[in-house]
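Just so we're clear, the structure is a prediction, and the values are computed from it rather than from any experiment. Only heavy atoms go into these numbers, but all of them, side chains included; no hydrogens, no water, no symmetry mates.
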Number of protein chains: 2
Amino acid sequence: MSFSIEQKVYQGVIKELQRYIEKNNLNPGDKLPSERELSERLKAGRSSVREALRALELIGLVETRHGEGTYLREYRSFQTVELLSSFILRQNNMKDDLTFTKKIMEKEAAKLAFGRISAPDIQELKTILEANSSDALTKHRSFFKYLFEKTENLLLMKIWTLMDEFSHAVCVYRFEESFYYSLLKLYSERDYSSIDPLFSSEVQVSS
Amino acid sequence: MSFSIEQKVYQGVIKELQRYIEKNNLNPGDKLPSERELSERLKAGRSSVREALRALELIGLVETRHGEGTYLREYRSFQTVELLSSFILRQNNMKDDLTFTKKIMEKEAAKLAFGRISAPDIQELKTILEANSSDALTKHRSFFKYLFEKTENLLLMKIWTLMDEFSHAVCVYRFEESFYYSLLKLYSERDYSSIDPLFSSEVQVSS
DNA sequence: AGTTACTAGTGGTCAGACCACCAATAACTC
DNA sequence: GAGTTATTGGTGGTCTGACCACTAGTAACT
């Protein structure tokens with residue numbers, strides 16, 4: 001593994017892998033050479049090859065199956081965004097921004113879901129709200145999780161989930177009990193334009 | 001290094017590093033423990049620690065200086081994007097989530113900024129739009145970067161920046177030229193309620 | 001005081017040894 | 001013959017120990 005200028009072996013391995021994939025026209029799902037074979041062919045230590053593969057795995061470009069092999073993977077950006085977000089969240093004191101941003105995403109989810117919410121969905125949401133076993137926080141989570149799933153925007157939901165988990169460690173909040181029912185009312189009355197104002201007016205309850 | 005559910009050691013190391021960073025309130029530029037020290041403290045092999053650090057280095061979260069140590073780094077995604085782009089361009093069925101989510105954040109930024117936009121700000125934004133030196137894409141970026149800064153929500157801006165960089169690698173888009181001026185018009189006329197519809201009606205231009 | 005040589009600590013890399021896991025095959029049982 | 005079980009080879013997962021190269025601080029020298 002010799003490279004022009006001061007490049008670490010594992011970075012060289014990555015470039016060689018890219019070339020290999022391109023050359024053999026590999027698609028997601030296809031198998032990559034084994035670590036030992038790569039090590040031998042690229043004249044690099046197996047540990048260096050692993051450093052490269054682990055890095056690619058971390059950002060979701062490659063999938064590893066114990067005892068089977070390493071496979072090219074259908075890339076999903078949210079995996080990387082998720083990882084980076086978690087670092088970004090910890091790096092700065094943006095705890096204050098967290099709650100606010102999260103609320104924005106919940107609002108957008110509510111609006112996005114609007115066109116896909118049917119009568120049974122509303123009934124289902126009511127069931128969530130009326131569950132005796134769960135507390136207000138759990139209800140909030142379940143309620144919006146349902147809405148996020150309706151949006152069919154996986155990235156949006158991932159980011160929200162992440163923020164939700166972080167917010168629990170910082171400052172939990174929820175809406176007034178009546179808020180959720182007001183939203184459901186808007187759904188059943190097909191009143192899209194009132195969703196935004198509803199969120200704006202709602203004062204959060206911290207606990 | 002023992003973890004609850006089937007987690008690779010290097011993934012555990014990353015999580016421990018995140019905890020360490022948060023606990024000691026480390027900021028970009030600060031030094032991380034040496035590989036050998038981490039190895040000992042986390043009871044993991046040095047090679048596993050390296051797999052974790054190399055992965056973090058690859059995506060630019062950490063900087064390594066031979067003979068010195070490993071340092072936390074201000075995140076710059078250039079290398080990540082560059083790396084991912086070659087893989088991503090093979091598949092375009094996931095770009096929708098990204099583009100859509102990004103647009104949502106831009107809309108919210110525009111609305112959040114509303115209350116903080118003054119006449120000089122509008123003038124400044126016009127200057128950005130009329131800059132001859134920059135292309136439409138750069139203008140879009142600069143324009144919204146200005147708005148995001150006005151929101152004073154660092155988290156929101158960080159996430160947007162992240163998505164913006166990723167979207168460039170996947171599918172660049174911008175709005176119609178007239179869109180930006182329409183938004184400025186709403187600002188100067190203090191017409192908050194029309195911002196949302198403006199975004200909804202706007203058709204993106206892909207290139 | 002300034003220069004040089006040394007040294008301890010760090011990352012960079014490799015080789016080898018196990019282990020755990022999986023899948024295909026072989027051997028066995030009925 | 002069909003179904004089960006044991007074997008085996010290949011794979012990733014991990015650790016250890018050994019070098020090398022580099023850096024910065026220190027000691028020794030001039």
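One interatomic measurement links the two molecules: CD of B:Glu40 to C1' of D:dT14, which rounds to 18 Å at whole-angstrom precision. Spacing between atom CZ of B:Arg46 and atom P of C:dC14 amounts to 13 Å, rounded to whole angstrom units. Remark: P of D:dA24 and CD of B:Glu68 are 4 Å apart, rounded to the nearest angstrom. Residue A:Glu35 contributes atom CD, which lies 17 Å from atom P of C:dG16 at whole-angstrom precision. To the nearest angstrom, P of C:dG9 lies 15 Å from OH of B:Tyr71. A straight line from CG of B:Leu53 to P of C:dG11 spans 8 Å, rounded to a whole angstrom. Atom NZ in A:Lys8 sits about 15 Å away from atom C1' in D:dC20, given to the nearest Å.
Using a 4.0 Å heavy-atom criterion, one finds that B:Thr64 contacts the sugar-phosphate atoms exclusively. Residue contacts for B:Gly67: at a heavy-atom cut-off of 4.0 Å it reaches a base atom on one of the strands shown.
The shortest distance between the side-chain N/O atoms of A:Arg54 and the OP1/OP2 oxygens of D:dG13 is below 4.0 Å. Between A:Arg50 and D:dG13 there is a side-chain polar atom (N or O) within less than 4.0 angstrom of OP1 or OP2. Note on B:Ser48: a side-chain N or O is less than 4.0 Å away from OP1 or OP2 of D:dC15. Proximity of A:Arg65 to the phosphate of C:dA23: no side-chain N or O atom is located under 4.0 Å from OP1 or OP2.
The nearest heavy atom of DNA chain D to B:Arg36 and to A:Thr70 marks one nucleotide each, and the one closer to the 5' end goes with A:Thr70.
The side chain of B:Val9 lies closest to D:dC15, out of D:dG12, D:dC15, C:dC14.
A perpendicular orientation is assigned to the rings of A:Phe199 and A:Phe175, their planes being inclined by more than 60° (bins at 30° and 60°). Classified by interplanar angle (parallel below 30°, tilted 30° to 60°, perpendicular above 60°), the ring pair A:Tyr180/A:Phe143 is perpendicular.
Under a cutoff of 6.0 Å and an axis angle of 45°, A:Arg190 and A:Phe114 form a cation-pi pair.
Side-chain contact check for B:Thr161 and B:Asp164: no donor-acceptor pair (N or O, by modelled atom type) lies under 3.5 Å. A donor-acceptor contact closer than 3.5 angstrom links the side chains of B:Asp121 and B:Tyr146.
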